[in-house]
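We use all heavy atoms of the structure for the numbers below, so side chains are in, but hydrogens, waters and symmetry mates are not. Here the structure is a predicted model, which is why all the values come from computation and not from measurement. Just follow the structure's listing: the first ligand is 1, and inside any ligand the first atom is 1. By convention here, the first residue in the shown sequence is residue 1.
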Amino acid sequence: MMLRGLRILLGTQRSHIAVNLTAQKSTLAQVENGAVSSSVIEKLVEICGSKDVSTSTPVREQHGRDESYHHCEPPDVVVFPTSTEKVSQVARLCYDHQIPIIPFGSGTGMEGGVTASKGGVCVDVTKMDQIEAVNAEDFDCTVQSGVTRVGLNNSLRDTGLWFPVDPGADCTLCGMCATGASGTNAVRYGTMRENVMNLEVVLSDGRIIETAGKGTRTKKSSAGYNLTNLFVGSEGTLGIITKATLKLYGQPESILSAICHFPDVQSAVDTVVQTLQCGIPMARIELLCEKMMDAFNKYSNYDYKVTPSLFLEFHGAENHVDDQGKIVAELCEANGGTQFNWAKDMDERNKLWKARHMCFYAATSLRPGARWLATDVCVPISRLPEIVVETKKDIDNSSILGPIVGHVGDGNFHTVLVVMPDSPEEIAEASALHDRMAERAMKLGGTCTGEHGVGLGKRHHLVTQFGQGGMDVMMQLKQTLDPKNIMNPGKVLFTD
Ligand SMILES: Cc1cc2c(cc1C)N(C[C@H](O)[C@H](O)[C@H](O)COP(=O)(O)OP(=O)(O)OC[C@H]1O[C@@H](n3cnc4c(N)ncnc43)[C@H](O)[C@@H]1O)c1[nH]c(=O)[nH]c(=O)c1N2
Ligand SMILES: CC(C)CC(=O)C(=O)O
Ligand SMILES: [Mn+2]
């Protein structure tokens with residue numbers, strides 16, 4: 001109920017937006033609320049088979065929300081197609097009847113991307129779960145939409161290759177394409193944007209395309225517009241991704257991890273900037289503030305010092321890794337860092353990074369019964385110290401608990417703003433903190449979202465970031481690719 005209040009609050013801000021979204025929206029078809037008719041459900045059964053179509057309440061509810069604070073809005077029906085051809089037929093049926101289509105990967109999104117605010121057909125792509133090709137000599141692979149990043153890496157284990165992009169959750173790789181995801185390794189290996197070579201996409205009217213050209217899997221291409229990166233980060237609003245061709249990397253010969261504790265956030269972030277300016281090819285460099293360290297210790301049963309800390313990792317040849325480690329240890333020390341703890345053993349390292357990936361749950365467990373708003377701003381690396389310090393001050397001056405964790409090597413950090421769902425005051429305070437953070441980032445040449453995407457909760461920030469010209473182009477692209485406004489309506493853009 002109160003989370004609905006949060007959305008109403010965000011909705012209020014919409015009315016202050018100067019950009020003329022109403023005029024743009026009127027060129028797109030309006031999607032009305034309305035249950036999917038029984039004749040459409042019969043046709044869905046004909047296409048997918050009865051066991052792959054569900055209208056049961058638990059299945060619909062399970063598909064009506066992700067891991068974010070946005071409340072559950074179930075679709076009318078969930079389908080589990082087993083081939084691209086079936087996805088195409090489902091899309092064509094929805095197109096003919098102007099029914100919303102909501103693509104669903106594993107539901108681990110952070111911005112309400114899978115909520116069915118206009119009802120419609122949820123297309124759960126997880127039954128298409130084959131790794132179609134691993135071209136070891138070319139360092140690439142092609143996966144269907146249901147393959148997850150952990151699933152892919154498990155099957156690559158004996159090849160000497162791996163796929164490094166690692167959001168904390170074990171989500172689908174095509175979901176990661178859809179949100180433009182990244183994670184702790186992006187500082188070294190890039191985000192999904194740099195690691196997708198080709199996508200197979202089903203468009204709203206059922207047409208099937210390959211975004212880089214049929215079967216193309218080259219490292220580079222100047223052939224035409226970059227359709228691949230148009231679909232990366234499109235959050236299901238332009239089409240359904242049914243296959244992805246991804247870059248692979250050699251598993252590092254040697255890996256070294258470490259944790260170092262600092263007297264304050266400023267000195268930790270200064271160390272990050274200096275490390276990168278020295279050209280050290282960090283594989284991971286993550287910041288946890290003292291509140292997040294406290295949550296981390298409690299949740300994962302560690303006993304680290306409760307001060308702002310850096311989690312570091314080096315990949316490469318053994319002698320390089322050792323040398324780099326020594327240089328960074330010296331930089332840490334020069335900035336007041338203490339207790340540089342090395343984790344060389346594989347089990348110890350895996351445990352540590354698994355716990356780092358659980359930070360979101362650690363933070364939200366600090367207040368039983370609470371909900372949360374996760375922020376995701378990203379700035380040029382030189383501006384990182386000032387934004388982290390200002391943001392921390394802003395949170396400390398508020399009544400909101402907001403531990404910070406970040407992929408600071410990319411200039412990207414999160415605050416997990418923990419709020420009680422029955423407190424409109426806390427919810428309002430948290431969204432005001434979020435708005436100030438996004439505005440601060442944008443003023444510094446940053447973005448409102450580095451990796452989680454826009455979904456429902458950052459649409460007003462997107463408008464500020466892009467202004468009239470950018471929003472016009474996005475609306476025109478949406479109009480061209482989805483003229484009936486059936487692809488995940490109301491996500492990314494205010495088209496609902
Ligand atoms: C504990 C924890 C930790 C993290 C994160 C989550 C959680 C729970 N995330 C967020 C999340 O894992 C990330 O957004 C994934 O890319 C979502 O993938 P899903 O398969 O779960 O997509 P999910 O099903 O949640 O869908 C997300 C969006 O993509 C669309 N979509 C999904 N599959 C599609 C397809 N095949 N075609 C078209 N559209 C599709 C959906 O419609 C929706 O809009 C994250 N993220 C990150 O970038 N970095 C991080 O560090 C973390 N960390
Ligand atoms: C909300 C976040 C803490 C999840 C995430 O992106 C992360 O752990 O890096
Ligand atoms: Mn993250």
Find all atoms of ligand 1 within a distance of less than 4.0 Å from any non-hydrogen atom belonging to [X], and give their numbers and elements.
X      : value
Ala181 : 16 (O), 48 (O)
Cys174 : 36 (N)
Gly113 : 42 (O), 43 (C), 44 (O)
Gly236 : 38 (C), 39 (N)
His407 : 51 (O)

Atom indices of ligand 2, in the order listed, that fall short of 4.0 Å to a heavy atom of [X]:
X      : result
His407 : 9 (O)
Val405 : 3 (C)
Phe360 : 1 (C), 3 (C)

I'd like to know if the side chain of [X] and the backbone of [Y] have a donor-acceptor N/O pair within less than 3.5 Å.
X      : Y      : value
His414 : Thr375 : yes
Thr242 : Glu200 : yes
Ser309 : Thr307 : yes

Answer yes or no: does an N/O atom from [X] fall short of 3.5 Å to an N/O atom of ligand 1?
X      : answer
Pro103 : yes
His414 : no
Ala178 : no
Ile240 : no
Phe104 : no
Ile241 : yes
Glu235 : yes

In this structure, does ligand 1 have an atom that sits under 4.0 Å from one of the heavy atoms of [X]?
X      : value
Met110 : yes
Met358 : no
Gly239 : yes

Do any heavy atoms of Glu451 fall under 4.0 Å from ligand 2?
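Flag set, Glu451 near ligand 2.
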Can you tell me if His452 contacts ligand 2 (heavy atom of the residue under 4.0 Å from the ligand)?
yes
Among all protein heavy atoms in this structure, tell me which lies nearest to [atom], with the distance rounded to 0.1 Å.
atom                    : answer
atom 25 (O) of ligand 1 : Gly109 N, 2.9 Å
atom 20 (O) of ligand 1 : Thr172 OG1, 2.7 Å
atom 18 (O) of ligand 1 : Cys171 CB, 3.3 Å
atom 2 (C) of ligand 2  : His414 CD2, 3.8 Å
atom 23 (P) of ligand 1 : Gly107 N, 3.5 Å
atom 4 (C) of ligand 1  : Gly168 N, 3.5 Å
atom 50 (C) of ligand 1 : Glu451 OE2, 3.2 Å
atom 45 (C) of ligand 1 : Pro167 CB, 3.4 Å
atom 8 (C) of ligand 1  : Tyr361 OH, 3.4 Å

Heavy atoms of other groups near Arg207 CZ, more than 12 under 6.0 Å:
no
Looking at Asp396, I want to see if its CG is surrounded by more than 12 non-hydrogen atoms of other residues, nucleotides or ligands under 6.0 Å.
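Yes - once you tally the heavy atoms of other residues, nucleotides and ligands closer than 6.0 Å, there are more than 12.
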Can you tell which of Arg284, Arg149, Arg356 makes a salt bridge (charged side-chain N to carboxylate O under 4.0 Å, His left out) with Asp166?
Arg284
Name the orientation class of the two ring planes belonging to [X] and [Y] (parallel below 30°, tilted from 30 to 60°, perpendicular beyond 60°).
X      : Y      : answer
His63  : Phe104 : tilted
His261 : Tyr304 : tilted
Phe296 : Phe311 : perpendicular

Flag side-chain contact, heavy atom, 4.5 Å: Glu313 against Thr184
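No - every pair of side-chain heavy atoms lies 4.5 Å or more apart.
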Is there a side-chain contact between Val196 and Leu246, using heavy atoms and a 4.5 Å cut-off?
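Sidechains of Leu246 and Val196: in contact.
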Examine Asp376 and say whether one of its N/O/S atoms is closer to the Mn ion (ligand 3) than 2.8 Å.
no
Would one find an N, O or S atom of His407, in either backbone or side chain, under 2.8 Å from the Mn ion (ligand 3)?
yes
Heavy-atom distances under 4.0 Å are what count here, so tell me which part of Met176 touches ligand 1: side chain, backbone, both or neither.
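The answer is both, backbone and side chain.
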Please evaluate residues Arg383 and Glu386 with respect to the criterion salt bridge (charged side-chain N to carboxylate O under 4.0 Å, His left out), reporting the C-alpha separation (whole Å), side-chain torsions for both, the decisive distance (0.1 Å), and the verdict.
CA-CA 6 Å; Arg383 314 311 297 267; Glu386 64 193 279; 2.9 Å; yes
Heavy-atom distance to [atom]: which of [options] wins?
atom                    : options                : value
atom 14 (O) of ligand 1 : Val202, Asn488, Thr179 : Thr179
atom 8 (O) of ligand 2  : Met110, Arg356, Glu286 : Arg356
atom 26 (O) of ligand 1 : Val114, Thr108, Leu238 : Val114

Which residues pass the side chain to side chain contact (heavy atoms under 4.5 Å, CB included) test with Asn154, not counting sequence neighbours?
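Applying side chain to side chain contact (heavy atoms under 4.5 Å, CB included) to Asn154 gives Val150, Arg157.
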Sorted by chain and number, sequence neighbours left out, side chain to side chain contact (heavy atoms under 4.5 Å, CB included) with Cys171 holds for Ser106, Thr108, Pro167, Met176
For the pair Met487 and Leu238, evaluate side chain to side chain contact (heavy atoms under 4.5 Å, CB included) and give the outcome as yes or no after the intermediate values.
CA-CA 6 Å; Met487 287 308 314; Leu238 300 179; over 6 Å; no
Against the six-membered ring of Tyr302, is Lys351 placed for a cation-pi contact (under 6.0 Å from the centre, within 45° of the normal)?
yes
If only side-chain N and O atoms count, and only distance matters, is there a donor-acceptor pair under 3.5 Å linking [Y] with [X]?
X      : Y      : result
Asn185 : His407 : no
Arg217 : Thr142 : no
Asp170 : Thr148 : yes

Under 4.0 Å from ligand 2, counting heavy atoms only, is it the side chain of Ala374, its backbone, both or neither?
side chain
I'd like the atom name of the N/O/S atom in Glu451 lying closest to the Mn ion (ligand 3).
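Considering only N, O and S atoms, Glu451 comes nearest to the Mn ion (ligand 3) through OE2.
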Would Asp394 and Arg440 count as a salt bridge (charged side-chain N to carboxylate O under 4.0 Å, His left out) here? Give the steps.
CA-CA 11 Å; Asp394 203 10; Arg440 211 173 282 136; 2.8 Å; yes
